[in-house]
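Predicted model, so just to flag it, every value in this text is computed and none were measured.
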Amino acid sequence: MKEGKLKKLYLKIRCFFLGVAFPLEDRLFCCSGADRQGALAQSREGDCLQIVHVKVREKYAAIAYSIPLNRIIGCAGKQLTQDLLRLFKSGFCLDGEIAAIRQDENGKLRCEIRIFDSAAMMSPYLEDLPYLTSFYNE
């Protein structure tokens, strides 16, 4: 119990010094492919997301993954990814939601997301895989 409170306090201090306040809002990039446009067309505002730090084509990126659709819908911007890396280190996984879906002047769907400082939204979907949420792999 005490360890969890200390981690939250440490996170708040780091957020203060980096000038980051949760929930963060940003626009997604790399959404113009046909598969991602299809995923955005099926998505709704308020859908749950996981923001995951992974290696993509020799570079690291924060990928937005739609939990209800089980598909990738885009990537977070470079600055947001760098800020999240400073806070949570490599390999982070955070909760998020779709804030808005709009069409741009070219008719492509664009998405804005909201990122939270927790990772609890995925836990109901992982009941069949307890080793992913357990403290030790047994």
Side-chain angles (χ1 to χ4, degrees):
M1 180 83 143
K2 191 182 276 188
E3 183 179 317
K5 289 182 181 180
L6 288 175
K7 283 184 180 181
K8 286 183 181 181
L9 178 63
Y10 182 63
L11 179 63
K12 283 186 179 185
I13 292 170
R14 289 174 62 191
C15 288
F16 174 76
F17 284 114
L18 290 173
V20 176
F22 284 95
L24 297 170
E25 293 197 16
D26 198 22
R27 194 176 67 171
L28 286 182
F29 296 94
C30 303
C31 312
S32 59
D35 59 335
R36 294 184 182 177
Q37 285 290 301
L40 285 174
Q42 296 174 26
S43 298
R44 302 287 174 257
E45 291 182 14
D47 279 358
C48 298
L49 301 173
Q50 285 292 297
I51 312 303
V52 183
H53 184 244
V54 295
K55 188 173 187 177
V56 179
R57 294 187 209 118
E58 304 301 322
K59 295 181 182 178
Y60 285 90
I63 301 294
Y65 175 81
S66 173
I67 295 172
L69 296 178
N70 195 20
R71 294 171 71 183
I72 295 172
I73 61 170
C75 300
K78 286 182 182 179
Q79 184 61 48
L80 178 61
T81 302
Q82 291 300 320
D83 290 344
L84 292 173
L85 272 174
R86 285 188 204 110
L87 285 172
F88 297 104
K89 308 297 181 216
S90 182
F92 61 81
C93 179
L94 299 170
D95 293 332
E97 70 180 10
I98 295 177
I101 298 175
R102 297 188 179 97
Q103 266 188 329
D104 65 5
E105 59 276 354
N106 298 329
K108 299 276 186 180
L109 293 173
R110 299 292 177 207
C111 182
E112 294 178 16
I113 60 170
R114 190 172 297 119
I115 301 173
F116 306 106
D117 60 345
S118 65
M121 285 186 194
M122 193 68 172
S123 59
Y125 300 95
L126 297 176
E127 292 173 357
D128 298 333
L129 306 169
Y131 59 88
L132 291 178
T133 57
S134 65
F135 188 69
Y136 294 106
N137 269 341
E138 294 152 342

Rounded to the nearest 0.5 Å, what separation is found between the CG atom of Asp95 and the CG atom of Leu49? 9.5 Å

Gln37 side-chain N/O to Leu109 backbone N/O, donor-acceptor pair under 3.5 Å: yes

Indicate the atoms forming the closest heavy-atom contact of Ser32 with Lys108, along with that distance. O-NZ, 3.4 Å

Residues Arg27 and Glu112 bridged, charged N to O under 4.0 Å: no

If we ignore hydrogens and angles and just use 3.5 Å, is the side chain of Arg71 paired with the main-chain N or O of Asp35 as donor and acceptor? yes

Could you go step by step and tell me if Val52 and Leu94 meet the side-chain contact (heavy atoms from CB on, under 4.5 Å) rule? CA-CA 7 Å; Val52 183; Leu94 299 170; over 6 Å; no

Is it true that a side-chain atom of Asp104 and a backbone atom of Asn106 form a donor plus acceptor pair closer than 3.5 Å? yes

Using a 4.5 Å cut-off on heavy atoms from C-beta on, say whether the side chain of Leu24 contacts that of Ile113. no

What is the minimum heavy-atom distance between Thr81 and Ala76, and which atoms define it? OG1-O, 3.8 Å

Go through Glu97 and Phe116 one step at a time and tell me if the side-chain contact (heavy atoms from CB on, under 4.5 Å) criterion holds. CA-CA 8 Å; Glu97 70 180 10; Phe116 306 106; 3.9 Å; yes

Donor-acceptor pair, distance only, cut-off 3.5 Å: does the side chain of Arg14 make one with the backbone of Arg86? yes

Pairwise salt bridge (Lys or Arg N to Asp or Glu O under 4.0 Å) hits with a residue in residues 36-48, at least two apart: none

What's the spacing between Cys15 SG and Leu87 CG if we round to 0.5 Å? 4.5 Å

Using the rule that two of Ile, Leu, Val, Met, Phe, Trp, Tyr join whenever any of their side-chain heavy atoms come within less than 4.5 Å, decide whether Leu69 and Ile63 are in one cluster. no

Determine, using the 4.5 Å side-chain heavy-atom cutoff (strictly less than), whether Val54 and Phe29 are members of one ILVMFWY cluster. no

Ile101 versus Ser43: any side-chain heavy-atom pair under 4.5 Å? yes

Verdict with supporting geometry, Gln50 and Ile67, side-chain contact (heavy atoms from CB on, under 4.5 Å): CA-CA 7 Å; Gln50 285 292 297; Ile67 295 172; 3.7 Å; yes

Which is it for Cys31 and Arg110 under the side-chain contact (heavy atoms from CB on, under 4.5 Å) test, yes or no, and what are the steps along the way? CA-CA 7 Å; Cys31 312; Arg110 299 292 177 207; 4.2 Å; yes

Give a yes or no on whether Phe22 and Leu85 share a hydrophobic cluster (residues Ile, Leu, Val, Met, Phe, Trp, Tyr; joining criterion: side-chain heavy atoms under 4.5 Å apart). yes

Measuring from Ile51:CD1 to Ile115:CD1, what's the distance to the nearest 0.5 Å? 4.5 Å

For the atom pair NE2 (His53) and CZ (Phe88), what is the distance rounded to the nearest 0.5 Å? 13.0 Å

